[in-house]
Amino acid sequence: MMNLLTALIYPVLLGFLVLSVMLRGISIRYRFLFYLGASFPTGAGLCSLILFTAYVVLPAGAKQISLIAGFFIGAVLLGYRFFHLQKDLRRSGFFWPSALNIEKSLFLQALPSGLALLLFAYTLVTVIQFYTLSAPMDVFV
């Protein structure tokens with residue numbers, strides 16, 4: 001279960017970070033939904049490129065190299081995004097301890113629907129995996 005969770009969550013987070021950094025200045029109408037839809041393919045592709053590069057550089061230690069490089073890239077992107085998020089919040093006059101204006105924050109309004117969509121996608125993948133893994137066992141019953 002932990003490998004499935006890692007294989008599903010990490011590419012989504014990495015893809016979300018890459019898309020949020022690359023598309024920071026571009027106006028997209030439904031940005032958060034676009035990120036949710038495109039983050040897994042982007043993250044899975046980036047993880048594949050990292051693994052391919054690790055196998056080209058050093059085939060014997062490719063697993064360790066890809067894990068370290070993946071987490072390093074994720075940490076750098078997270079730090080970059082956090083730095084720019086703080087700078088954008090300071091520039092707009094929104095300070096966290098002062099007035100938290102939930103009505104004006106589109107991210108906080110879209111968060112429950114985004115989490116519901118992630119829960120639905122995770123449940124769908126889990127159910128499909130369960131039935132595909134249990135289907136060969138039902139053949140001989």
Side-chain angles (χ1 to χ4, degrees), residues 1-140:
M1 183 64 183
M2 189 61 189
N3 288 336
L4 175 67
L5 186 67
T6 306
L8 289 178
I9 298 297
Y10 184 70
V12 171
L13 291 176
L14 189 62
F16 191 87
L17 286 171
V18 167
L19 287 173
S20 68
V21 168
M22 288 178 60
L23 302 175
R24 190 171 155 257
I26 298 173
S27 64
I28 299 173
R29 187 170 185 161
Y30 299 106
R31 180 179 300 272
F32 192 70
L33 289 177
F34 174 74
Y35 287 165
L36 283 177
S39 61
F40 182 74
T42 304
L46 189 60
C47 288
S48 176
L49 287 174
I50 291 170
L51 187 62
F52 174 75
T53 306
Y55 272 115
V56 168
V57 172
L58 186 65
K63 183 177 179 183
Q64 291 82 15
I65 291 173
S66 65
L67 284 173
I68 291 169
F71 284 118
F72 178 73
I73 290 171
V76 167
L77 288 172
L78 187 64
Y80 179 80
R81 188 65 188 139
F82 184 70
F83 173 73
H84 279 288
L85 181 67
Q86 277 187 342
K87 192 167 74 172
D88 292 342
L89 289 177
R90 267 188 260 127
R91 195 174 344 154
S92 68
F94 180 79
F95 295 105
W96 189 259
S98 64
L100 177 63
N101 198 350
I102 294 176
E103 293 86 22
K104 291 185 181 178
S105 176
L106 293 176
F107 178 74
L108 291 178
Q109 289 176 359
L111 188 64
S113 61
L115 289 176
L117 184 65
L118 279 176
L119 181 64
F120 171 75
Y122 177 73
T123 305
L124 183 67
V125 167
T126 305
V127 167
I128 289 172
Q129 182 190 16
F130 173 76
Y131 283 118
T132 56
L133 290 177
S134 65
M137 291 182 237
D138 292 339
V139 171
F140 299 107

query: Got Ile28 and Ile26 here, is their nearest side-chain heavy-atom distance under 4.5 Å?
result: yes
task: Mind listing the closest non-hydrogen atom pair of Leu49 and Thr53 along with its distance?
output: O-OG1, 2.8 Å
- prompt: Between CG of Leu78 and CD1 of Ile73, what distance do you get to the nearest 0.5 Å?
  reply: 13.5 Å
statement: From the list Leu51, Leu58, Val57, side-chain contact (heavy atoms from CB on, under 4.5 Å) with Tyr55 holds only for Leu51
- prompt: Under 3.5 Å, side chain of Thr42 to main-chain N/O of Ser39, donor-acceptor pair present?
  reply: no
- prompt: Is there a side-chain contact between Leu23 and Phe34 (heavy atoms, below 4.5 Å)?
  reply: yes
task: Quick one: closest heavy-atom pair of Ala54 and Ala62, and the distance?
output: CB-O, 3.5 Å
- prompt: Do Ser48 side-chain atoms and Ala44 backbone N/O form a donor-acceptor pair below 3.5 Å?
  reply: no
task: Hey, could you give me the CG/CG distance between Leu77 and Leu14, rounded to the nearest 0.5 Å?
output: 6.5 Å
- request: Looking only at non-hydrogen atoms, find the nearest pair between Leu19 and Tyr35 and report the distance.
  value: O-OH, 3.5 Å
message: Centre-to-centre under 6.0 Å for Tyr10 and Phe71, is that the case here?
response: yes
- line: Value for CD1 (Ile9) from CZ (Phe40), rounded to nearest 0.5 Å, stands at 10.0 Å
statement: Output for pair (Ile50 CD1, Phe72 CZ), nearest 0.5 Å, gives 11.5 Å
